[in-house]
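Reviewing the structure listed below.
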Amino acid sequence: MRGAAAAGSIAALILSARLIGCFSLGEEPTGTRTVKVAFRLASLAVCVGVAMTAAMLPAGRPRTQLRVRAPGPVLAYGAVLTLAIASILYSSSPGDSALQAAMYLESLCFAVAFDRMLAVLRIRDALASILAASVAGIVLWMLWGAWVEPERFLRRTHGGEVARLGGFLMNPNEVGLLMAVGLGQILVTAS
């Protein structure tokens with residue numbers, strides 16, 4: 001049981017790093033882009049490394065196969081990826097479009113690698129708990145930041161009358177979506 005808890009904690013840290021890679025940690029666009037790409041690639045590399053290391057351990061770990069149980073979402077993601085690649089041809093900024101398409105492809109690779117890692121570590125059933133822990137940690141950090149440094153963690157809208165959580169670190173709409181996913185996972189875990 002301790003091994004599963006440790007594996008779950010590692011998976012939650014990897015997922016948290018992945019989510020933090022979505023934040024705008026600076027105001028300078030090139031530096032922000034570099035940090036985002038570095039976080040994304042590092043989380044992917046760690047995920048692949050953990051999965052490969054665990055798969056090589058002689059602890060009788062089962063070979064896992066990649067199976068697609070619901071082809072609809074995979075086909076939809078493939079269509080989005082195809083459109084992203086095609087958009088490079090008519091974009092006013094082909095470099096930015098190519099980077100976005102590469103990030104879509106990298107996101108797919110991360111999802112597959114994260115799933116493989118959970119399967120090899122035998123903690124796939126703990127995905128709801130892992131998501132809940134990752135999101136809860138980030139949201140609690142943002143709430144703490146809004147209390148300590150509101151000018152950075154809150155974005156004022158409607159003439160300064162409304163303060164939205166996320167500030168300039170993350171789009172407030174995305175923070176709301178993240179909170180909804182986390183709350184859903186907490187409810188799944190609690191039931």
Side-chain angles (χ1 to χ4, degrees), residues 11-44 46-47 72-73 76-111 114 127-191:
L13 286 172
I14 292 169
L15 190 57
S16 295
R18 178 65 177 200
L19 293 171
I20 289 170
C22 296
F23 295 174
S24 295
L25 301 175
E27 294 182 25
E28 199 260 311
T30 304
T32 296
R33 183 180 296 160
T34 302
V35 168
K36 285 182 173 189
V37 170
F39 263 93
R40 292 175 75 116
L41 293 178
S43 64
L44 175 62
V46 169
C47 198
Y77 198 85
V80 167
L81 186 57
T82 302
L83 289 173
I85 292 169
S87 74
I88 296 169
L89 300 173
Y90 61 83
S91 174
S92 60
S93 179
D96 288 343
S97 296
L99 179 62
Q100 190 61 50
M103 290 298 101
Y104 287 159
L105 181 60
E106 188 274 337
S107 292
L108 178 63
C109 292
F110 176 80
F114 193 74
L127 179 59
S129 298
I130 292 165
L131 280 166
S134 298
V135 171
I138 289 171
V139 169
L140 288 173
W141 172 68
M142 288 198 131
L143 289 171
W144 176 82
W147 180 62
V148 172
E149 196 178 352
E151 61 278 351
R152 183 179 183 113
F153 286 85
L154 294 174
R155 184 180 297 179
R156 299 272 178 199
T157 61
H158 300 87
E161 293 180 18
V162 178
R164 299 176 69 199
L165 187 62
F168 292 95
L169 291 173
M170 189 175 200
N171 182 320
N173 296 331
E174 293 172 358
V175 174
L177 177 65
L178 193 61
M179 287 176 156
V181 168
L183 180 59
Q185 298 309 308
I186 289 169
L187 293 174
V188 166
T189 303
S191 63

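When reading the values below, keep in mind they use all heavy atoms of this one structure, side chains included, and skip hydrogens, waters and symmetry mates.
Between Leu169 and Arg152 the shortest side-chain heavy-atom distance falls below 4.5 Å. Leu127 is listed as a side-chain neighbour of Phe114, based on a closest heavy-atom distance under 4.5 Å.
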Audit row: Glu106, Lys36, salt bridge (Lys or Arg N to Asp or Glu O under 4.0 Å) steps and yes/no: CA-CA 12 Å; Glu106 188 274 337; Lys36 285 182 173 189; over 6 Å; no
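Smallest separation of non-hydrogen atoms from Ala163 and Arg156: CB-NH1, 3.3 Å. When all heavy atoms of Ser87 and Ala84 are compared, the pair lying nearest together is OG-O, 2.7 Å.
When atom types are taken as modelled, the side chain of Ser91 and the backbone of Ile88 share no donor-acceptor pair closer than 3.5 angstrom. In terms of modelled atom types and a separation under 3.5 Å, the side chain of Ser134 and the main chain of Ala12 share a donor-acceptor contact.
Annotation: the span from Leu108 atom CG to Met103 atom CE amounts to 12.5 Å, rounded to 0.5 Å. Put simply, OG on Ser107 and OH on Tyr77 are 4.5 Å apart, with the number rounded to the nearest 0.5 Å. The line from CD1 of Ile138 to CD1 of Ile20 is 5.0 Å long, rounded to the nearest 0.5 Å.
Annotation: cation-pi pair Arg40/Phe110 absent, no NZ/CZ under 6.0 Å from the ring centroid and within 45° of its normal.
Residues that satisfy the side chain to side chain contact (heavy atoms under 4.5 Å, CB included) test with Leu81, not counting sequence neighbours, are Ile85, Tyr104, Leu105.
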